[in-house]
K.L.:
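What follows is a structure written as structure tokens; I'll ask about it next.
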Amino acid sequence: MINALESSSTRPYLIRALYEWCIDNGFTPYVAVLVDETVQVPREYVKNGEIVLNISFDATSSLKLGNDFIEFKARFAGTAREINVPVGRVIAIYARENGQGMAFPAPAQPAAAKGPQVTQSTVDIGEGRSPVRAAQRGDGASDTKIMHLVTGDELPGHRGTAEDAPTDQDDPPRPPAGGGAKPSLKRIK
């Protein structure tokens, strides 16, 4: 009998299930990927070590959602590219139209990796919002839960250094310039 520690990961099965749910409901499935040297994606589109990929039927060719890799061909700025993503590097799958989906814990850093220690916390996101963007902002307003990575400095009760401590001389944050107008996107076909 196989115990839970010896069983295969549920991640690829959940990705396939949510992909199918998106397609069945007419939504556009997006996957957010934590990029490293094992991920084959156009590096010019990677921001902050992450890339969000549209894996809908219209955007891909030869899509294979396997247990180990997500593989497909897609066009980026008119150039056909082979995309190969290890399933373990997928950190979220969600519908573009309403943000509903699932986020996964980020892959563990190798023991030899340098950098801040990372832990997980749960945040809420609002209806119709992207889980990845909400996780990056760390805001919350709904019942949908996702995992959000924080460094040890952001943990409650962390004392940090003397430079981190707030002082009376710190100015309050200022609102962004531009009169508070919402940004808008212009679709170019």
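Keep in mind that the numbers below use all heavy atoms, side chains included, and drop hydrogens, waters and symmetry copies. Residue numbers run from 1 in the order of the sequence given.
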K.L.:
Ignoring hydrogens and geometry, is there a side-chain-to-backbone donor-acceptor pair from Gln40 to Glu82 under 3.5 Å?
P.N.:
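A pair under 3.5 Å: yes.
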K.L.:
Are the side chains of Phe72 and Leu65 in touch, meaning some heavy atoms are under 4.5 Å apart?
P.N.:
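Side chain of Phe72 against side chain of Leu65, heavy atoms only: no contact under 4.5 Å found.
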K.L.:
In terms of hydrophobic clustering (I, L, V, M, F, W, Y; side-chain heavy atoms under 4.5 Å; direct or indirect links), are Phe69 and Val90 co-clustered?
P.N.:
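No, no single cluster joins them.
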K.L.:
Can you name the nearest heavy-atom pair linking Ala106 to Ile91, along with the distance?
P.N.:
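Heavy atoms of Ala106 and Ile91 come nearest at CA-CG2, 4.1 Å.
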K.L.:
Would you indicate whether the side-chain heavy atoms of Val33 and Val41 approach each other to under 4.5 Å?
P.N.:
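Val41 does not reach Val33 side chain to side chain.
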K.L.:
I'd like to check Phe76 versus Ile83 (side-chain heavy atoms, cut-off strictly below 4.5 Å). Are they in contact?
P.N.:
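Contact flag for Phe76/Ile83 side chains = yes.
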K.L.:
Between Pro42 and Ile51, what is the shortest heavy-atom contact and its length?
P.N.:
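Heavy-atom minimum between the residues: O-CD1, 4.2 Å.
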K.L.:
Test of understanding: with salt bridge (charged side-chain N to carboxylate O under 4.0 Å, His left out), list the residues that count as partners of Arg11, not counting sequence neighbours.
P.N.:
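Checked Arg11 against salt bridge (charged side-chain N to carboxylate O under 4.0 Å, His left out); zero matches.
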K.L.:
Show, in sequence, the C-alpha distance, side-chain angles and deciding distance for Arg81 and Glu44, and conclude whether the salt bridge (charged side-chain N to carboxylate O under 4.0 Å, His left out) test is met.
P.N.:
CA-CA 12 Å; Arg81 302 282 186 96; Glu44 61 270 25; 2.6 Å; yes
K.L.:
Looking at side-chain heavy atoms only, is the closest gap between Lys47 and Tyr45 below 4.5 Å?
P.N.:
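Answer no - side chains too far apart.
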K.L.:
Between OG of Ser9 and CG of Asp68, what distance do you get to the nearest 0.5 Å?
P.N.:
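One finds 9.5 Å between OG of Ser9 and CG of Asp68.
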K.L.:
Flag this pair as yes if the NZ/CZ of Arg16 is under 6.0 angstrom from the six-membered ring centre of Tyr13 and inside a 45 degree cone about the axis; otherwise no.
P.N.:
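Pair Arg16/Tyr13 counts as cation-pi.
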K.L.:
If I compare all heavy atoms of Gly101 with all of Leu18, which pair ends up nearest, and what's the gap?
P.N.:
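Reported closest heavy-atom pair: C-CD1, 4.4 Å.
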K.L.:
Using atom types as modelled, flag every donor-acceptor pair under 3.5 Å from a side chain in residues 20-28 to any protein atom, sequence neighbours excluded.
P.N.:
from, atom 1, to, atom 2, distance (Å)
Asn25, ND2, Trp21, O, 2.8
Thr28, OG1, Glu97, OE2, 2.7

K.L.:
What distance do Ile93 atom CD1 and Tyr30 atom OH have between them, rounded to the nearest 0.5 Å?
P.N.:
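Going from the CD1 atom of Ile93 to the OH atom of Tyr30 covers 12.5 Å.
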K.L.:
Write down the atom of Phe57, the atom of Tyr19, and the distance for their closest heavy-atom approach.
P.N.:
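Heavy atoms only, the tightest pair is N-OH, 4.2 Å.
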K.L.:
Minimum heavy-atom separation for Gly99 and Tyr94, please, with both atom names.
P.N.:
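Heavy-atom minimum between the residues: O-CB, 3.9 Å.
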K.L.:
Checking Arg89 side chain against Leu34 main chain: does a donor-acceptor pair fall under 3.5 Å?
P.N.:
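At least one qualifying donor-acceptor pair exists.
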K.L.:
Are Ser56 and Asn54 close enough that a side-chain donor and a side-chain acceptor fall under 3.5 Å?
P.N.:
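Indeed, the side chains of Ser56 and Asn54 share at least one donor-acceptor pair under 3.5 Å.
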K.L.:
Roughly how far, to the nearest 0.5 Å, is CD1 of Ile15 from CD1 of Ile70?
P.N.:
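Rounded to the nearest 0.5 Å, the CD1-CD1 separation comes to 4.5 Å.
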